Amino acid sequence: MQFWKPGTIGPGSLLDRASEAEDAVLSSAPMSTTLSLQAQKQRLPIFKHRDKLLRAIETHGVLIVVGQTGCGKTTQLPQFLYESGWAAEGSVIACTQPRRVAATSVATRVAVEVGSILGDEVGYTIRFEDLSDKHRTRIRYMTDGILFREALIDPLLSRYSVIMIDEAHERSVYTDLLLGVIKKIRQKRPALRLIVSSATIDAAAFLEYFSSGSPPGDVMVASLEGRMYPVEVAYLREPTPDYVQTAAEVVNNIHTHNGPGDILVFLTGREEIERCLQYLSEVVSQFPQNLPTFSPLPLYSGLGTAEQLQVFAPMQPGVRKVIISTNIAETSVTIDGIKYVVDSGFVKLRTYNPTTLLSSLSIVKTSAASAAQRAGRAGRTSSGVCHRLYPSFVLESLPVATSPELTRTDLTTPILRLKSLGIDDLMKFEWVTSPPAESVLRAIEGLVASGMLDAEGRLTDMGEKVAECPVDVNIARMLFTSKGFRCGDEILSIAAMTTVQDVFVIPDGAPGALAELERRKFTAEEGDHITLLNAYNGFIKYGKSSSWCRSHALSFRAMSRAVSVRSQLKKYMHRFSLPIESCDGDARRLRQCLVTGYWQNSAKWCEDGTYVSVQGKISLSVHPNSVLFTRKPKSGWVIYHEMEETKKKQIRVLTEIEPEWLLEHGYKLRDNHTST
Ligand code: CDP
Ligand code: MG
């Protein structure tokens, strides 16, 4: 274990000291055990500003709300609006979240506070999961992507009286697009109120964006001054080669040497979180019985709702809660009682290179704004400590803030949807931040090549339908082309399986090798897509049973979700009159159909066992989970579902193809600009 060099984020620097009066309230025993829900609620800092906020919404079209995480913006503001009549006469209050987990956990909480059954007065809608009622729901939490897609059907978003774009500082693609679209809608429907909730540093930019072209005084910033306790910051003296292992060591150190208080660890994704949990469970299992213990809990977006909610539940007395989270817990989700934060200093971000057309998830350093935000999680209820798992000099090399997602993502799907909204001239669209021209051009080229736009850039018939589908353009395209290959049945299952994450799991206590053996039972030599299909078919054949999943190293939750996703995608197939035929085991036809969707993700095998991408000639390795991990495909060519960049660029979910199919179903189209 390295030495720590402490420093403090103290009064007058990043975070303000709480007032004496608040100290008294906040340092009382854990709220959930001593106070009723109503009383707990009323103690949230936002209540002091209730009337001010409601007046502001009466008199202003756009309200930018800035306030400390945990002060009650997400859970309370929609309730204030509801109580004061903003959801009268059938109208709805929407609150968007960039993350699914935030939408579901917050809706669950607010339903309890309002005394509603989830899905009744208070509901949520995320992709493939709608727990809201068309007529009865008054407060609707949803992901920003869902609200954006709703604008395709209801261009004035006429059901909504108020739309709150929450976590706007995250600048997710659909948050940015929604801000632009709502600005436009408000010109036609000024009665629509917009609330933008944002971290301090971005408020000025949003104010400027909405002020331009608006009547004077229409936009207002409301600042709910946040109070925080001081957070002491400690750094590693030397960089660590493995921050996951170090994080576990630090947690154990805090637990054995420091007083009570829960611990929040920031890692980048599920695999790291599980590895850390593994280390920590070993540690816990060796604790002597009479010593206080801790309970490690994961938090990431792929988790089931019940597991997510566990992190909010109080522990048994004397047990310390240790939450191992992705950056979800940075702003989207507030967990009370955290006194110690362990920050890896890294985050997983989607990045896109328009020159190579490669989109990937990469693990990169957090921004300085994120680092401060993460540290702040330790100072919500009392003073706290943040352990940063990097030396202090690294801080200077961190970017100030994370760049908007629109500037670093593949724009194919978003641009198709903008076109479908009737925004033809993308140059005239009021972007909050303009995306790189090259990304826009590449997206348009790709859309023309795959027949979604015609040569003049106008939406085709297929393009219009695909824009409505809740999956990416490449997957939607396969649903359409499956007609020609007579394999709609299988493509539907594959499309559903690729939208759910973490299908193959290692059952509790079972050795990894056993899981591997189970997985082999589904293995198709053609690759992972058909392996996923086999798993899906097995699940259906054996009655969708959870014990069957357990004995076959499959996640019951993921499989059940795939069933639900499939049935929803099937409705789109029916609506677009696409036949659902089976290819009856003709894997060749099926793989050709896959090429029509994935042709831009194609790669060729190299002698050393790696691959080189067809576009951009980038060197790629195969993810160890792939059935093609150690095997050379006979043809030497594959298509893949996605690429993830950690220490190297890894491709996941591969299928072997014949190279001529690329010409037939992808690249040739691109040259001729013909549609299918
Ligand atoms: O949006 P903001 O960060 O301002 O706060 P919030 O998410 O509305 O949270 C207000 C309070 O409700 C916090 O103290 C949370 O810990 C609590 N909360 C909770 O106990 N359970 C949830 N599922 C969500 C929030
Ligand atoms: Mg919030």
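In each ligand, atom 1 is the first atom listed, and ligand 1 is the first ligand listed. All values reported here derive from a predicted model rather than from experimental measurement.
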Residues Arg270, Asp502: salt bridge by 4.0 Å N-O rule: yes
Ligand 1: protein residues within heavy-atom distance under 4.0 Å: Leu44, Gln68, Thr69, Gly70, Cys71, Gly72, Lys73, Thr74, Thr75, Ser105, Arg109, Phe312, Thr334, Asp336, Arg380
Straight-line distance of Arg171 CZ to Asp176 CG, nearest 0.5 Å: 4.0 Å
Under 2.8 Å: N/O/S of Thr331 next to the Mg ion (ligand 2): no
Worked check of side-chain contact (heavy atoms from CB on, under 4.5 Å) between Tyr174 and Thr96: CA-CA 10 Å; Tyr174 288 109; Thr96 69; over 6 Å; no
Check ion pair Glu167-Arg99 (N to O, under 4.0 angstrom): no
Short N-O contact, Glu272 and Lys348, less than 4.0 angstrom: no
Lys/Arg cation over aromatic Tyr82: Arg138, 6.0 Å, 45° cone: no
